[in-house]
Structures are given as C-alpha cells and as structure tokens.
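Written below as structure tokens is the structure these notes are about.
Counting from 1, the numbers follow the sequence of the chain as shown.
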Amino acid sequence: MKKVRVRFAPSPTGYLHIGGARTALFNWLFAKRHNGKLILRIEDTDTERLKEDSVGQILNSLRWLGIDWDEGPEKGGDFGPYFQSQRQELYTKEALTLLRENKAYHCFCSVEEIEEERQKQRQEGTPFRYPGKCRNLSPEEIQDRLKQGLPSVIRIKVPDAGQVLVEDIIRGTVSFESEQFDDFIILKSNGTPTYNFACVVDDNAMQISHVIRAEEHLSNTPKQCLIYRALGHETPLFAHLSMILAPDRSKLSKRHGATAVGEFQEMGCLPEALVNYLTLLGWSPTEEQGEIISPAQTIPSFSLAKVSKTAAVYDVQKLIWLNGQYMTSYDSVSLTLQAVPFFIQAGLISQIEAEEKREYIRDVVSVVKERVRTLGELAEASRYFFQDIVSYDDKGEEKYFIKQEGVEALLSKGSECLNTLDRFDVESIEISYRQLMDELKIKGGIIIHPTRLALTGRTVSPGLFEVMALLGKRKCLERLDKAIKFIKKKNYK
C-alpha cells in the first residue's frame with residue numbers, strides 16, 4: 001500500500017453531525033492503522049450557505065471526540081492552505097490547463113436558455129443533459145464573446161460513450177455509463193470551482209491516497225474520475241460508507257432526536273462513549289473484542305474491507321446504554337471533572353463551590369454514577385445532596401407517607417436511632433438500622449422506603465445508608481423531622 005493520506009473535508013454550513021463524525025472517525029482509524037496522516041480540509045466555497053461559527057464548532061467537536069488531524073487548520077502543513085476559499089489560484093490554473101488542452105470549454109448559455117432546454121427535455125420525458133451547444137464554438141467565436149464581457153462557465157468535455165469504473169474498497173467495482181453525464185460545469189461564471197472540480201484538484205494536490213466518505217457521494221465519484229482522467233492525475237482509492245438511517249429506516253433528521261455532536265456533549269455523553277458508538281455504526285469488532293471497545297483496541301484490527309455495505313441504523317438508546325457503561329467504569333476523580341459543569345449548569349453548586357466542595361462532590365459522584373447514564377442525569381440524580389427537599393414524589397408520598405400505617409412513629413424511631421450515633425459512617429448507620437428492624441420485628445423495606453423518601457424526596461436512590469452518610473447527621477435529622485411534620489399535617493387535613 002502506498003503512503004496513506006486520507007482527508008476529512010467538511011463544509012462549514014452547519015455543525016458536525018453523526019454522519020460526518022463517523023466519516024471523520026473512520027478516516028482517523030484508517031490513518032492510524034496504516035501509520036498514515038489525516039488531513040482536515042474546510043470546503044468553504046459555497047458562500048451562500050456558510051455559517052459564521054461553523055468552522056469553530058466543527059474543530060471543537062473533533063477535538064472533544066479525540067480525533068486529531070495531522071495537517072489542516074491550526075496545524076498547517078506542506079499542502080496548505082487548507083481552506084478551499086484560499087485555493088482559488090490553483091483551481092483557475094487547472095481549469096486553464098483543461099481549456100488549453102481542449103478538454104474543457106467556455107459555455108456562454110444563459111440561465112434562461114438552460115431552463116428552456118430543461119423544460120423541453122422534461123416534456124420529452126428525458127433527464128436533463130446539457131446539449132453541448134457551446135462545445136464546438138471556434139476559437140474566434142469564443143474570444144469575441146469573451147471580449148464582449150459575456151458571462152461564461154467552464155464545462156469539461158465528457159466522452160459520448162464508454163464506461164466509468166469506480167473501484168470501491170467497500171462495494172467492489174461500480175460501473176457508470178458515460179452517456180448518462182453531460183458536459184458538467186467545473187468553474188462557475190464567478191470563477192469559483194464546483195464541488196467535484198475543487199475536490200479533485202485538492203485531493204491530487206494534497207496527495208490523498210484514499211477517499212473515505214459517505215455513500216451519498218458515490219454519485220459524484222464518476223464525475224470526479226472523469227476530471228482525474230482529463231487532468232492526467234492518478235485516481236485515489238475510494239471507500240463509500242453506508243448511510244446512517246433512523247430507527248424507522250427513514251433518512252435521519254432532527255425529528256429523531258439529537259444528531260449533532262455538540263448536542264450529545266450538552267446532554268452529558270462522554271466522548272469515549274460516542275466514539276465507541278460511532279465505531280459500531282457499520283463496522284463490527286471481533287467476538288472477543290465485544291461491543292465496548294476503545295480506539296486503541298480498534299486500530300490494530302480496523303479494516304475498510306470489514307465495513308458493512310448495508311445501512312447502519314441510528315439507535316440513541318444503544319448510545320445512552322454505552323454511555324452508562326463508560327460512566328460506571330470511569331474513576332470518580334475523572335468523572336467528577338466531567339460532571340462539574342453539569343452541576344453548575346443545574347444550579348447545584350457555584351464555580352467557587354466546585355473547588356471548595358471538591359471531595360464532597362467526588363463522593364456524591366462515586367455513589368450516584370452507577371444509577372445514571374449521562375452527566376445530565378448525574379446532576380439531576382444528585383440534586384438532593386445539594387438542595388433542600390421542597391416536595392416528595394407523588395406516588396411515593398401516597399404509598400409511604402399517607403397509606404402506610406404508623407409511618408410517623410417509624411421515622412421518629414429512625415431519627416432517635418441516628419441521633420445516638422457518635423460515628424456517622426455507612427457501617428455504623430447500617431448496624432444501627434438493622435438492630436432497629438430486629439427490635440421492631442419488621443422487614444427492611446417497611447422503614448427504608450419512607451426514610452429514603454424523607455431524605456431524598458424520591459423513591460429511587462443509591463443505597464440508603466450511603467446516602468445518609470453523605471448527607472450527614474444534621475441534615476438527616478432535619479429532613480426526617482420535616483417529613484414527620486409533613487405527614488402529621490397531611491393526616492390532620
């Protein structure tokens with residue numbers, strides 16, 4: 001295999017979405033597998049659709065995912081600039097070469113003329129193809145029109161017959177008939193290149209060896225092959241990744257939930273989990289590797305030949321499950337660093353408290369992390385450790401406070417039990433409560449459930465004794481007393 005140089009070339013018309021992130025990841029994995037380089041190129045020639053903050057968002061998303069590039073924005077390299085908007089001179093030069101070699105020509109047809117021809121072909125029931133009206137203009141006619149200042153585009157001359165064969169690593173040989181293509185535009189009337197032309201010129205100039213991209217670009221590939229052939233450049237190897245479909249197998253869109261990398265970051269997904277999930281979208285690890293797999297484990301066995309030809313189905317529940325697995329395995333110190341911004345955003349702590357209460361926050365994270373699946377859920381599930389209880393779960397209140405007989409007395413007994421403790425740790429609390437259960441001859445749930453509700457306001461929490469130890473003696477006694485008063489007030493009514 002020749003020296004591997006792959007590229008990820010997003011258009012800054014929006015944020016980095018699942019499909020683009022998967023493409024970037026597979027390029028990165030392939031480059032790492034073969035000791036090659038990943039080039040990041042920003043295809044920003046479509047000025048009408050550009051979004052001002054898009055480039056920054058894309059770069060930040062890639063960095064967050066841990067996908068680093070070897071050449072490109074912020075890093076430079078020998079084949080820059082890496083923004084297409086700064087490479088106009090090269091596109092013009094290559095287009096002039098094709099004109100000089102009679103492999104392309106100026107087309108002066110107006111928008112109205114093109115539309116008239118389009119309507120005519122539509123009435124005849126044939127797909128639109130530019131009829132080649134300007135293809136055989138004489139040099140004198142061309143110069144005359146240029147001197148008049150008539151606007152023109154540059155079209156490439158496409159062979160009237162023959163086949164264009166695309167050798168695709170994933171799909172095998174894909175054949176296209178030349179006659180299905182017209183003399184397509186390579187340079188617009190304002191001098192900017194079309195997507196296919198800029199793509200070929202840049203991939204060749206940047207010595208790209210493999211083009212790994214989404215299946216939707218397969219239809220562009222024969223046109224690009226024709227441009228490579230006309231320019232006399234070597235064609236890179238292609239690999240078109242299958243589509244990512246929604247759970248209902250329709251085209252993935254916003255209505256199916258979060259699709260942008262930034263959205264997953266905001267909801268509290270860990271980058272490792274999202275990378276793991278993207279890895280599984282169209283590529284399968286070995287049975288021994290299992291589904292939870294890191295890039296370090298993926299790289300040695302990553303192969304484009306193992307990428308599926310069939311569409312991958314987006315399943316956010318699978319991603320959230322994976323995220324929960326990563327959160328559980330994270331050490332509490334690292335997870336706390338990730339979680340603190342979510343605690344601040346939820347209003348649980350201030351920036352100053354994040355440092356002042358660092359150990360307490362870490363202890364809370366350690367206790368809560370196994371019961372949640374995202375950092376957002378982690379913050380919400382930790383609320384009662386930082387804020388007073390203002391209400392109780394409705395169903396829990398009905399079941400454990402209102403309908404359970406003698407619950408006031410039970411909570412009072414629990415409070416007395418805790419008040420006698422000199423050491424307020426998990427072991428001491430549990431021993432004390434177990435003794436109380438034995439004395440009262442009751443099952444654990446009879447006192448544990450209402451106590452949990454009194455202390456957390458919820459019916460589900462980490463182990464009650466761990467919660468008590470973290471809350472501390474004073475807070476536990478205050479909340480038990482508050483619950484007892486609440487129950488009395490309810491019963492009085």
Modelled atom types, side-chain donor and acceptor of [X] and [Y], under 3.5 Å:
{"X": "Asp44", "Y": "Gln84", "value": "no"}
{"X": "Thr13", "Y": "Ser11", "value": "no"}
{"X": "Thr374", "Y": "Asn323", "value": "no"}
{"X": "Thr92", "Y": "Glu89", "value": "no"}
{"X": "Gln123", "Y": "Gln119", "value": "no"}
{"X": "Thr173", "Y": "Glu167", "value": "yes"}
{"X": "Gln163", "Y": "Ser175", "value": "yes"}
{"X": "Asp144", "Y": "Gln148", "value": "yes"}
{"X": "Thr192", "Y": "Asn190", "value": "yes"}
{"X": "Asp46", "Y": "Tyr195", "value": "no"}

So that I can tick it off, tell me whether [Y] and [X] are bridged by a salt bridge, with the cut-off set at under 4.0 angstrom between side-chain N and carboxylate O.
{"X": "Glu117", "Y": "Lys133", "answer": "no"}
{"X": "Asp68", "Y": "Arg63", "answer": "no"}
{"X": "Arg458", "Y": "Glu380", "answer": "yes"}
{"X": "Arg87", "Y": "Asp202", "answer": "yes"}
{"X": "Glu43", "Y": "Arg41", "answer": "yes"}
{"X": "Arg371", "Y": "Glu377", "answer": "no"}
{"X": "Glu215", "Y": "Arg171", "answer": "yes"}

### Task
Would you check, one step at a time, whether the test side chain to side chain donor-acceptor pair (under 3.5 Å) holds for Ser366 with Asp363?
CA-CA 5 Å; Ser366 181; Asp363 291 341; over 6 Å; no
Nearest heavy-atom neighbours spanning [X] and [Y]:
{"X": "Arg129", "Y": "Ser178", "value": "NH2-O, 4.5 Å"}
{"X": "Ser382", "Y": "Leu348", "value": "C-CD1, 4.5 Å"}
{"X": "Ala214", "Y": "Thr23", "value": "N-OG1, 4.2 Å"}
{"X": "Thr456", "Y": "Ser461", "value": "CG2-CB, 4.2 Å"}
{"X": "Gln297", "Y": "Gln289", "value": "O-NE2, 3.2 Å"}
{"X": "Ala239", "Y": "Ile170", "value": "CB-CD1, 4.0 Å"}

Would you say that [X] contacts [Y] through its side chain, given a criterion of any heavy-atom pair below 4.5 Å between the two side chains?
{"X": "Leu322", "Y": "Met327", "value": "no"}
{"X": "Phe343", "Y": "Leu378", "value": "yes"}
{"X": "Arg5", "Y": "Glu71", "value": "yes"}

Walk me through whether Tyr360 and Phe386 qualify under ring pair (Phe, Tyr, Trp, His ring centres under 6.0 Å).
CA-CA 10 Å; Tyr360 178 68; Phe386 300 91; 5.6 Å; yes
cation_pi([X], [Y]) dist<6.0 Å, angle<=45:
{"X": "Lys369", "Y": "Tyr330", "result": "no"}
{"X": "Arg22", "Y": "Phe26", "result": "yes"}
{"X": "Arg122", "Y": "Phe128", "result": "no"}

- [ ] From the options Glu94, His233, Lys93, select the one residue that forms a side chain to side chain contact (heavy atoms under 4.5 Å, CB included) with Val201.
- [x]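 It is Glu94, the one option of Glu94, His233, Lys93 that forms the side chain to side chain contact (heavy atoms under 4.5 Å, CB included) with Val201.
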Checklist line | Test side chain to side chain contact (heavy atoms under 4.5 Å, CB included) applied to His106 and Leu187, Val153, Ile142, the passing residue | finding: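 Among Leu187, Val153, Ile142, the one meeting side chain to side chain contact (heavy atoms under 4.5 Å, CB included) with His106 is Ile142.
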### Query
Is the CD atom of Glu116 crowded by more than 12 outside heavy atoms at less than 6.0 Å?
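No - once you tally the heavy atoms of other residues, nucleotides and ligands closer than 6.0 Å, there are 12 at most.
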Taking the six-membered ring for Trp, are Trp283 and Phe302 closer than 6.0 Å centroid to centroid?
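Distance test on ring centres: under 6.0 Å, yes.
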Practice task
Keeping the roles fixed (side chain from Gln265, backbone from Gly262), state whether a donor-acceptor pair exists under 3.5 Å.
Solution key: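 Checked: no pair found.
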